[in-house]
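Order of the sequence lines fixes the chain letters, A, B, ..., with proteins taken first and strands second; residue numbering starts at 1 for each chain. Because only heavy atoms are used, hydrogens play no part in the values below, and waters and symmetry mates are left out as well, while side chains stay in. Note that the coordinates shown come from a computational prediction; the quantities given were computed from them, not determined experimentally.
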Amino acid sequence: IRPGGRERVAFKMAERGGRGSGHGSLDKSITLPPDEIFRNLENAKRFAIDIGGSLTKLAYYSTVQHKVARVRSFDHSGKDIDNEPLYEISVQEEITARLHFIKFENTYIETCLDFIKDHLVNTETKVIKATGGGAYKFKDLIEKKLGLKVDKEDVMTCLIKGCNFVLRNIPHEVFAYQKDSDTEFRFQTNHPNIFPYLLVNIGSGVSIVKVETEDKFEWIGGSSIGGGTFWGLGALLTKTKKFDELLQLASKGQHTNVDMLVKDVYGGACQTLGLSGNLIASSFGKSTTADKEFSKEDMAKSLLHMISNDIGQLACLYAKLHNLDKIYFGGFFIRGHPVTMRTITYSINFFSKGEVQALFLRHEGYLGAIGAFLKGAEQDNPNQYSWGENYAGSSGLMSTSPDVYPMQRTRSGTFDMLEMDRLERPLVNLPLLKDPSTYIPDTVDLTDDAMARKYWLTCFEEALDGVAKRAAASQPDSVDAQERAEKFRQKYWNKLQTLRQQPFAYGTLTVRSLLDTREHCLNEFNFPDPYSKVKQKENGIALKCFQSVIESLDSLGWEERQFALVKGLLAGNVFDWGAKAVSDVLESEPQFGFEEAKSKLQERPWLEDSYSQWLERLKEGPPHKCALIFADNSGIDIILGVFPFVRELLSRGTEVILACNSGPALNDVTYSESLIVTERIAAMDPVIHSALRDEKLLLVQTGSSSPCLDLSRLDQGLAVLVRERQTDLVVIEGMGRAIHTNYYAVLRCESLKLAVIKNSWLADRLGGKIFSVIFKYEVPCK
Amino acid sequence: MEPPRSCGDGAEDEKKPRRRAGGADAGPSQLRRRSSGGAAGADGAAGPQPRERGGSVSRQRRDSVRKNRPLFPWFGLDIGGTLVKLVYFEPKDITAEEEEEEVENLKSIRKYLTSNVAYGSTGIRDVHLELKELTLCGRKGNLHFIRFPTHDMPAFIQMGSEKHFSSLHTTLCATGGGAYKFEQDFRTMGDLELCKLDELDCLVKGMLYIDSVGFNGHSECYYFENPTDAERCQKLPFNLENPYPLLLVNIGSGVSILAVYSKDNYKRVTGTSLGGGTFFGLCCLLTGCSTFEEALEMASHGDSTKVDKLVRDIYGGDYERFGLPGWAVASSFGNMVSKEKRESVSKEDLAKATLITITNNIGSIARMCALNENINRVVFVGNFLRINTISMRLLAYALDYWSKGQLKALFLEHEVKIPF
């Protein structure tokens, strides 16, 4: 088993010929593993299908029932609150919406349709939306097998709808291809405004479409020299029948044996004349003779260059005429093939003199199916929601250099999947981002940084057994918890191995994406919140210390207190769920433990230290109007670190928006937990109490379930509130949110980024030691 | 190409000094010879060098031109990637005195060239293109157009050597990439210096000149009226007197596209490697043919719709959503993806499809360039169009159809002799 291909082995079907060979013949000798593909069919509705020349893409919408941990306040009346847990945790079933997209070879279509029919329970589905060139051909088969009426949708309309959808919902959708760099795929930051753009779809021919808004697009041109020309002419010239094999031939050939180059016309004078001798003067210009044999490889290569250059040239001419600088390429000619992405990129660069970049889409193959689905699901308003790619349920980008993994390119017999979860609330940019179009959440690009990638992948691998154990232990009453934990372990392990081989599989690889993938995998096996009990306990313990911490703070003078508050924030941040030694001590003598954590902190000057400027600001400047605080951990962090700080801000007359994650991630405090914690603190503390009552302290959810923070995908409600309250200070706390992400984020208002580095490798990278402190106070340039 | 004007009129000449090339030690007499070679260089071996405009060289030359007529023979050579185009001016006003003085070598060359229409196995004189009774540098004569494949260049140089060409000329005006590629061979094998002239300059000047002298009393430039209507389509003369701006599309082995704003002001817009060489090269591979003429002949009997996938093959008719007519080619060679169809097409069909593919593509790129440059007249020239009515009519049609009548495709009778 080749590394990286491992995950796909499970879906490997009966061996068959390559793509495009199966016209007319259907393969029934496969069995489908229902755990892995066509999931949730029992709840499926709104089917759509996109049948291309060789691949079928099926889309459906399902409701997924999965477990979520809910927290609920006890009714404490008449009970001994000292010995009871703070709140109740219950695991409940929650229903969320998910989009499923499955790609497979046309040869399996009949088997797949049978499978769907057998597993389809929902009877309200009457129609299946269909698009693609093959939709007509398989119409009868689909109607017969599924008993659904086939409703055809225009190919290009679907393609563009799908394109808009992925551009809006998948942050790392777009990439540029770089042939000789360490990272072949350079992912682009999503521009908040995706329009206008040019979509060049290279199917059998070429369509060039200008897309101006969600619903407005125009076919501005095309060319008959496309993928069909490469395939058809290639088959004639080389007697090679399959498209993939033609590409293979091309990647091995020397076009200079077939093409007439400038230097063939000018001889050695090119250099003195300033001509690029290697440019092609005439494609196939050397084959103008009947008595010479040319190799298949050389002819295929020449043909590939001819077609790619021609398409690139036309695309540039159209882009220039319509004044567009974003060109996305798609169609089966491109579809993840490094060979064609490379030649197209070269051509665009050449003809635009570097002014236009050829861009590709990670989910290009799914655009038609997504669009057809969206057409059929208009009444569900899918475009009103934000969607997120589910890393656990998606195959990721396969392609890599054909020379390194030749067999991987032969994707016949494999099923590729994309799953997207509907996010319950729409996500938007933080209005305070200085420039949303250049904002990159992540500090280190692990696709780029091979050393860092190696370290973090190993780090996650080594932590995996512990995470799986913790997950199993979090559900002691469940009989299959062990089994599910093992499945989780295997799945995440496989993902990590895939990422070792193909770091770009899910877009730019970052610590955030590794963490998020782990969360998705945990959820997949119904471990919605493995740390719920830990959090519950730590919150309970910390709450008991709240009052004494406040008392000791209040006894300090103003300047001393400011420093103590900051130290408290930082010390609190030491307590992530793994710091078990610390929490044990806390349990017996909490006051001592918190102080001990403080003593672990690096002495000033900190690794990043702008505390003096912060103090100066507090001393000299007017109170902030409103502070937005992104909290990190449960327990001591939020209760003894963040809340005293919040309390001080409130006392200064600053309103506070406290933002916590919508869903669980590690021992991060969730929004629902923060509600209970705040309620309990309010009961003890009049400042917090009145602030809550007067809406000076507002609790909001981030819209995220990640230990990291993407300021370009935040809950819309949060964004509205931030604007309404004229927020002028943003406080970001913790490693995940302030170091792994947002370390370099530039905001339009003052900001504080603070964290304790609890990882020696990272500390080393930043030039410090473990427990080094980051205190970054930034004021926007005037 | 402006020799008559430059030779006949000193003032004109000053505007178009030729590059002093072909050897730094060239003396006045050599210069004169080069200039006379350029004079005959209807094939483009002439052109302005704006960087050297005016100055002592041209003044000196003008004076010498007045005093001394350039020496015969007058040649121009355009050495392309596939074909060599040779232009020869045959003086018809030779006086008895001159005849007597004419050296034997010169006479033999004149006789050899004018009494034959084929030279060796591959050289051909296009008799139908001959320009009769032309006045060039004050001399009357006929302009002959000869072509042969570039791969026979060594044989040509050999012949020049055998005929002691170097005794008549020390320099020969030449353009095209081959002027550089074969320069050394000319020097060592033929004892000849090449006066290398810029290809694009020659192209523009050549086009303007050939149009200015007319085609033996007929118009050089023409177009197709009603190109989209097969019944009513007809070839009509076009007056290219005030042609600017125009897009000049030269289709040789490859394609160069120039935007021409005045006779001295032009720029290369772009080019494509999909040109005549591609058509011929692919035809050789697909059909086993060995000459361009053979390839064209096959194409004229083929049916490309068996090879190409049309819009109607996919949509059953027009694709109205995008305003695409059913007859439009959706995918060139698209049907050849299928084994059965590969087995059912003829060589003629493949040749036709290759021709249509290359031609449509050139039309498409030319149209986009015209739009980007805001030019509505497109002159197509180059060897690809020689005896190639299919392509010319298709270009005329495609330009008219896709531009909704906004663009006009123009052609020249001597398309073949305009240099690259």
Atom group of [X] that falls short of 4.5 Å from chain B, counting heavy atoms:
{"X": "A:T157", "result": "side chain"}
{"X": "A:F351", "result": "side chain"}
{"X": "A:M299", "result": "side chain"}
{"X": "A:F230", "result": "neither"}
{"X": "A:M260", "result": "side chain"}
{"X": "A:A235", "result": "both"}

In this structure, which one of A:S224, A:S204, A:S223 forms a side-chain contact (heavy atoms from CB on, under 4.5 Å) with B:S332?
A:S224
Among the listed options [options], the residue most often paired with chain A at heavy-atom distances under 4.5 Å:
{"options": "B:L371, B:I365, B:T150", "value": "B:I365"}
{"options": "B:F333, B:W402, B:F280, B:F182", "value": "B:F333"}
{"options": "B:A330, B:C369, B:G275", "value": "B:A330"}
{"options": "B:L324, B:V307, B:I314", "value": "B:L324"}

Check [X] against [Y] and note the closest heavy-atom contact, atom names and distance.
{"X": "B:G281", "Y": "A:S287", "result": "O-OG, 3.0 Å"}
{"X": "B:V337", "Y": "A:G228", "result": "CG2-O, 4.0 Å"}
{"X": "A:D264", "Y": "B:K181", "result": "O-NZ, 2.7 Å"}
{"X": "A:S282", "Y": "B:G277", "result": "OG-CA, 3.3 Å"}

Where on [X] is there a heavy atom nearer than 4.5 Å to chain A: the side chain, the backbone, both, or neither?
{"X": "B:K339", "answer": "side chain"}
{"X": "B:N360", "answer": "neither"}
{"X": "B:C283", "answer": "neither"}
{"X": "B:E373", "answer": "side chain"}
{"X": "B:Y319", "answer": "side chain"}

Name the option with the most non-hydrogen atom pairs under 4.5 Å to chain B; the candidates are [options].
{"options": "A:H305, A:Q313, A:M306, A:K320", "answer": "A:Q313"}
{"options": "A:Y136, A:F284, A:Y266", "answer": "A:Y266"}
{"options": "A:L321, A:D291, A:V206, A:I280", "answer": "A:L321"}
{"options": "A:M156, A:E293, A:E218", "answer": "A:M156"}

Roughly how far apart are [X] [atom1] and [Y] [atom2], rounded to 0.5 Å?
{"X": "B:I358", "Y": "A:I225", "atom1": "CD1", "atom2": "CD1", "value": "6.0 Å"}
{"X": "A:K286", "Y": "B:T82", "atom1": "NZ", "atom2": "OG1", "value": "12.0 Å"}
{"X": "A:L279", "Y": "B:S273", "atom1": "CG", "atom2": "OG", "value": "9.5 Å"}
{"X": "A:T229", "Y": "B:D308", "atom1": "OG1", "atom2": "CG", "value": "8.0 Å"}
{"X": "B:R367", "Y": "A:L314", "atom1": "CZ", "atom2": "CG", "value": "9.0 Å"}
{"X": "A:L236", "Y": "B:L350", "atom1": "CG", "atom2": "CG", "value": "5.5 Å"}

Quick check: are there more than 12 heavy atoms from other residues, nucleotides or ligands sitting under 6.0 Å from [atom1] of [X]?
{"X": "A:E212", "atom1": "CD", "result": "yes"}
{"X": "A:Y346", "atom1": "OH", "result": "no"}
{"X": "B:Y401", "atom1": "OH", "result": "yes"}

Mind running side-chain contact (heavy atoms from CB on, under 4.5 Å) on A:L237 and B:L282 for me, showing each step along the way?
CA-CA 9 Å; A:L237 291 172; B:L282 280 174; 4.0 Å; yes
A:L233 and B:T357: side-chain contact (heavy atoms from CB on, under 4.5 Å), yes or no, with the steps?
CA-CA 11 Å; A:L233 198 45; B:T357 302; over 6 Å; no
Donor-acceptor pair, distance only, cut-off 3.5 Å: does the side chain of B:T278 make one with the backbone of A:S283?
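Yes: the side chain of B:T278 pairs with the backbone of A:S283.
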